[in-house]
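Excluded from the calculations below are hydrogen atoms, water molecules and symmetry mates; all remaining heavy atoms, backbone and side chain alike, are included.
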Amino acid sequence: MNLFAKANKTLAVYAAALTLGLCATLSAAPVAAEETFKWKVQVHWPAASSSYQDSLVRLQRVLDERTDGRLKLELYEAGALFSGKETFNAVSRGILEMGAIAASYAQDKVSLAGIASGLPFAFRNVWEVAYFHKNMGFEQMLRDEAAEHGVYWSTEKVFPTEMVVKEPIKTWDDFTSLKIRSSGVLQKFLTEAGASASYVPGSEMYSALDSGVVDGAHWGAVQGAASMSLYEVAKYHVKPALNIAGTDVFIVNQKALNKLPEDMQKIVKDTLNEQFWIRTNEYLFKERSTLANVIAEYGVEVNKLPDDVQDKLTQAAQKMWEEEAKRSDNAKKALGMVKELLAELGYL
């Protein structure tokens, strides 16, 4: 064997030994486990509410699947840790990583929250509100304001808010004599329009209606009322909607979101955006099917407000629109966008 061949053979032996040693080292090294994250999530929905299952539990399942179990949501129903109106602050401070609230609960922090929770008697169809949020930039305006408090804002769905009442509204006097469970902008609107509106927690709404503390209430629309068994004590479902809005909102602590790996941050944001469209469409379908069911099962009747009552409510509503615009320059801009859209649609 010549010198060149011997050198090649020696190098081959060394290379083989090096490869074996490297493989042994790699196989012996522990594989780093991917970090998992657990978020506490409190919502404003009681566990009995349709949105608790259809919105919150769905989100928990989808995020678990898409992150391969790396993000776990620990769920708490309304009032379990904080009141609905305290939840924004709890998320802002990082005590909760995530929450779901009614937009109106954040009015003291986000100047656009009143408009987000629904200008009364403005939009007439759900798709108009979705267009306003996603195509005209209102959602980003909300997100920018919430970001000032360390919160990532994502509207959960668009749906109508409609009342149930114990006795039908046939005249303006019928309306002004009502005691109504309400909240946020609608509570103010109904009171200024002439009824007596007050806030009652969702968990106490049924007993308030049953005992006569209130004569009517709103909790979403048909699905919400049905999930809370309100049709057992209030047989009249009122139309048209008091408002149509992105009433429900998921809020996420921005620091908690930033701690996630980039791929998981994207999954969370994409899933929340997807949820907006899926739940909006699903909600519309279930509204119609649930109404048919409660009419058949409970003898519920649709109470369409007389034209003169609608006219007076519209006049009262438009005064409130202007009040909301005074909250900030952003609110003034947003109301201008609303009016622009309503004018294009031929409503103004």
Side-chain angles (χ1 to χ4, degrees), residues 42-44 82-96 98-123 128-159 161 182-193 197 199 218 242-255 257 269 272-273 276 316-343 348:
Q42 183 183 292
V43 297
H44 64 304
F82 299 94
S83 72
K85 294 185 178 181
E86 293 172 331
T87 303
F88 186 93
N89 284 338
V91 172
S92 175
R93 294 166 59 192
I95 302 171
L96 294 172
M98 190 175 187
I101 61 171
S104 62
Y105 295 169
Q107 281 181 285
D108 61 332
K109 298 290 191 299
V110 178
S111 72
L112 297 173
I115 294 175
S117 66
L119 295 174
F121 282 78
F123 297 108
E128 297 163 4
V129 184
Y131 185 86
F132 178 61
H133 273 258
K134 299 294 189 177
N135 292 66
M136 295 183 70
F138 184 61
E139 183 78 3
Q140 188 59 52
M141 292 171 68
L142 284 163
R143 197 162 286 165
D144 290 343
E145 282 203 10
E148 295 175 9
H149 302 278
V151 170
Y152 181 82
W153 179 289
S154 186
T155 301
E156 203 267 331
K157 59 181 172 291
V158 173
F159 64 92
T161 296
S182 186
S183 64
V185 170
L186 287 180
Q187 181 180 341
K188 182 180 179 184
F189 162 64
L190 291 167
T191 299
E192 292 189 358
Y199 176 73
H218 59 80
L242 295 173
N243 68 11
I244 303 173
T247 306
D248 289 336
V249 181
F250 276 118
I251 51 176
V252 181
N253 177 270
Q254 188 64 56
K255 289 182 180 178
L257 186 60
K269 291 179 180 180
L272 287 172
N273 184 58
F276 174 91
Q318 290 180 348
K319 292 178 183 177
M320 275 202 62
W321 299 359
E322 301 304 327
E323 289 300 312
E324 281 299 316
K326 294 177 183 177
R327 287 183 177 271
S328 68
D329 290 340
N330 257 0
K332 182 178 180 181
K333 177 183 176 181
L335 180 60
M337 291 161 57
V338 171
K339 289 181 176 180
E340 175 188 340
L341 179 55
L342 296 181
L348 290 181

Subject >> Trace of the side chain to side chain contact (heavy atoms under 4.5 Å, CB included) decision for Val338 with Leu119 >> reply: CA-CA 9 Å; Val338 171; Leu119 295 174; 4.1 Å; yes
Can you list the residues that meet the side-chain contact (heavy atoms from CB on, under 4.5 Å) rule with [X], with sequence neighbours excluded?
| X | result |
| --- | --- |
| Asp248 | His44, Trp45, Ser51, Glu156, Lys157, Phe159 |
| Lys319 | none |
| Glu128 | Phe123, Arg124, Asn125, Leu345, Tyr347 |
| Arg93 | Ile95 |

At their closest point, which heavy atom of [X] faces which heavy atom of [Y], and how far apart are they?
| X | Y | answer |
| --- | --- | --- |
| Val129 | Gly246 | CG1-N, 4.1 Å |
| Thr247 | Ser117 | OG1-O, 3.9 Å |
| Ile115 | Ala331 | CD1-O, 3.6 Å |
| Val252 | Leu257 | CG1-CB, 4.1 Å |
| Met136 | Met337 | O-CE, 3.2 Å |
| Gly118 | Ala245 | CA-CB, 3.3 Å |

Does the pair Val91 and Met98 meet the rule for a side chain to side chain contact (heavy atoms under 4.5 Å, CB included), with working shown?
CA-CA 6 Å; Val91 172; Met98 190 175 187; 5.8 Å; no
With rounding to the nearest 0.5 Å, note down the distance linking [atom1] in [X] to [atom2] in [Y].
| X | Y | atom1 | atom2 | result |
| --- | --- | --- | --- | --- |
| Leu341 | Asn135 | CG | CG | 10.0 Å |
| Phe132 | Leu342 | CZ | CG | 9.0 Å |
| Met320 | Glu192 | CE | CD | 5.5 Å |
| Lys333 | Ser111 | NZ | OG | 11.5 Å |
| Ser183 | Tyr199 | OG | OH | 7.0 Å |
| Glu145 | Trp153 | CD | CH2 | 9.0 Å |

Checklist entry - Between Ile251 and Leu96, does a side chain to side chain contact (heavy atoms under 4.5 Å, CB included) hold up when you go through it step by step? => result CA-CA 10 Å; Ile251 51 176; Leu96 294 172; over 6 Å; no
Taking side chain as C-beta onward, heavy atoms only, is [X] less than 4.5 Å from [Y]?
| X | Y | answer |
| --- | --- | --- |
| Thr155 | Glu139 | yes |
| Ser154 | Asn273 | no |
| Ile244 | Val158 | yes |

Side-chain donor/acceptor pairs under 3.5 Å, residues 100-110, sequence neighbours excluded:
from: Lys109; atom 1: NZ; to: Asn89; atom 2: OD1; distance (Å): 3.3

Note to self: Can you classify the ring geometry of Phe189 versus Phe121 as parallel (below 30°), tilted (30 to 60°) or perpendicular (above 60°)?
What the structure shows: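 Because their plane-to-plane angle lies in the 30° to 60° range, the rings of Phe189 and Phe121 count as tilted.
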Given 3.5 Å as the limit, does a donor-acceptor pair link the side chain of [X] with the main chain of [Y], or not?
| X | Y | value |
| --- | --- | --- |
| Glu324 | Trp321 | no |
| Gln42 | Phe82 | yes |
| Ser92 | Phe88 | no |

Paired with Glu322, the salt bridge (charged side-chain N to carboxylate O under 4.0 Å, His left out) test is passed by just one of Arg327, Lys332, Lys339, namely Lys339
What I want to check is whether the side chains of Asn243 and Thr161 have a donor and an acceptor closer together than 3.5 Å.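 Yes, side-chain donor-acceptor contact under 3.5 Å.
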For Lys269, check side chain to side chain donor-acceptor pair (under 3.5 Å) against everything at least two apart and list the hits.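 Expected list: none.
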Go through it in stages, so that I can follow the logic: the residues are Asn330 and Met141, the test is side chain to side chain contact (heavy atoms under 4.5 Å, CB included), and I'd like the CA-CA distance, side-chain angles, deciding distance and then a yes or no. CA-CA 8 Å; Asn330 257 0; Met141 292 171 68; 4.1 Å; yes
